[in-house]
Amino acid sequence: MSAPLRVLLVDDHAMVRSGFAMMLSVEDDLEVVGEAANGAEAVVVAREAQPDVVLMDVQMPVLDGIEATRRLVAEDLGRVVILTTFDRDDYLFDALAAGASGFLLKNAEPEQLVDAVRVVGSGSGILAPEVTRRVIERMTTERPAPRRPAPPGLERLTDREREVLVLVGRGLSNGEIARALFLGEATVKTHVSNCLAKLQVRDRVQAVVLAHEAGLITATEG
């Protein structure tokens with residue numbers, strides 16, 4: 001049996017941390033190894049606790065979740081899942097750019113929270129569907145692409161892989177991509193994995209950022 005995934009909870013409200021801890025503690029494959037009340041404290045605790053996954057609030061005193069995410073990713077101190085009440089947070093794209101591996105709404109069902117920890121802990125990324133669409137909308141309308149040069153790996157993609165990348169960038173799940181392209185879901189999963197490897201990004205969340213910044217996603221799409 002493999003070791004449990006180690007989880008760090010970061011939120012400035014003790015009751016929120018307590019609630020998340022209760023949800024996760026009943027799972028045999030998950031272990032809460034620390035808590036922090038702000039981003040600065042999170043970095044300190046993460047250096048000691050060495051979590052696999054960090055559940056991170058955005059709006060906190062001392063150091064917000066975006067800068068904390070940037071520091072944690074820079075030091076490879078765990079993969080970050082941003083927990084947000086999306087309507088109040090205007091910084092999700094910044095958190096994506098900082099290296100967050102996932103987004104989840106705070107009102108998500110317990111099963112969604114547990115699944116998110118497992119998915120991100122296994123090396124994948126996750127975006128809550130209702131968050132994904134709105135993040136993409138902001139990327140394509142409110143925040144124009146920065147027109148950075150296309151990453152070298154983009155030229156190595158096959159036509160099908162590029163097609164899959166565009167759909168990933170629009171927020172579609174593997175199942176939705178499979179239906180759109182009349183492919184098997186396992187085939188789509190393989191294409192996504194190939195895209196991530198060739199583009200040298202950690203997960204599909206970062207692929208969304210890359211697809212946007214490479215100009216593959218436009219305001220008129222999806």
Side-chain angles (χ1 to χ4, degrees), residues 53 56 66 69-70 73 79-84 86 89 91-105 108 112-113 115-222:
V53 179
M56 179 77 73
I66 297 169
T69 295
R70 187 174 292 110
V73 171
R79 301 169 67 84
V80 179
V81 176
I82 297 292
L83 291 166
T84 178
F86 190 87
D89 295 331
Y91 310 112
L92 295 184
F93 182 76
D94 292 331
L96 273 172
S101 292
F103 288 92
L104 199 64
L105 296 180
Q112 291 178 291
L113 177 68
D115 287 345
V117 172
R118 288 176 177 146
V119 169
V120 172
S122 71
S124 300
I126 188 167
L127 287 169
E130 57 269 60
V131 174
T132 304
R133 266 52 172 199
R134 296 179 68 177
V135 168
I136 299 303
E137 182 180 356
R138 287 196 179 187
M139 286 171 138
T140 56
T141 58
E142 297 178 18
R143 300 191 59 149
R147 306 299 181 188
R148 296 178 184 174
L154 201 59
E155 299 176 356
R156 298 174 53 207
L157 300 183
T158 65
D159 290 342
R160 179 62 86 186
E161 288 166 353
R162 191 182 182 96
E163 197 172 9
V164 168
L165 176 62
V166 169
L167 296 180
V168 168
R170 290 173 57 191
L172 273 65
S173 68
N174 285 354
E176 291 170 329
I177 294 172
R179 290 189 291 274
L181 300 180
F182 303 101
L183 298 173
E185 197 162 341
T187 300
V188 171
K189 186 176 181 180
T190 298
H191 285 317
V192 171
S193 296
N194 289 342
C195 287
L196 300 186
K198 291 179 180 180
L199 297 172
Q200 298 183 345
V201 294
R202 293 192 317 276
D203 49 53
R204 67 191 298 131
V205 175
Q206 295 305 306
V208 169
V209 177
L210 184 147
H212 166 68
E213 293 185 342
L216 300 181
I217 313 301
T218 67
T220 59
E221 293 190 18

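What you are looking at is a predicted structure, and each value in this text was computed from that prediction instead of being measured.
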Query - More than 12 heavy atoms from other groups under 6.0 Å of NZ on Lys189 - result: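 Open: at most 12 neighbouring heavy atoms sit under 6.0 Å from NZ of Lys189.
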query: Would the number of heavy atoms belonging to other residues, nucleotides or ligands and lying under 6.0 Å from CZ of Arg118 be above 12?
result: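 Enclosed: over 12 neighbouring heavy atoms sit under 6.0 Å from CZ of Arg118.
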Give me the atom names and distance for the closest heavy-atom approach of [X] to [Y].
X: Gly169; Y: Ala211; value: CA-CB, 4.1 Å
X: Leu196; Y: Ala207; value: CD2-CB, 3.9 Å
X: Ile66; Y: Ala98; value: O-CB, 3.8 Å
X: Met56; Y: Val80; value: CB-CG1, 3.7 Å

How far does [atom1] of [X] sit from [atom2] of [Y], to the nearest 0.5 angstrom?
X: Leu104; Y: Gln112; atom1: CG; atom2: CD; answer: 6.0 Å
X: Thr158; Y: Glu163; atom1: OG1; atom2: CD; answer: 9.5 Å
X: Thr69; Y: Arg79; atom1: OG1; atom2: CZ; answer: 12.5 Å
X: Gln200; Y: Leu210; atom1: CD; atom2: CG; answer: 11.0 Å
X: His191; Y: Leu183; atom1: NE2; atom2: CG; answer: 5.5 Å
X: Ser193; Y: Glu161; atom1: OG; atom2: CD; answer: 10.0 Å

Exercise. Please examine the side chains of Leu83 and Leu113, heavy atoms only from C-beta on, and report whether any two atoms are closer than 4.5 Å.
Key: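 Yes - at least one pair of side-chain heavy atoms lies under 4.5 Å apart.
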Leu181 versus Val188: any side-chain heavy-atom pair under 4.5 Å?
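They are not in contact (no side-chain heavy atoms under 4.5 Å apart), so the answer is no.
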ask   = Only one of Leu154, Ile177, Val192 clears side-chain contact (heavy atoms from CB on, under 4.5 Å) with Leu165; which?
value =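 Looking at Leu154, Ile177, Val192, the match for Leu165 under the side-chain contact (heavy atoms from CB on, under 4.5 Å) is Leu154.
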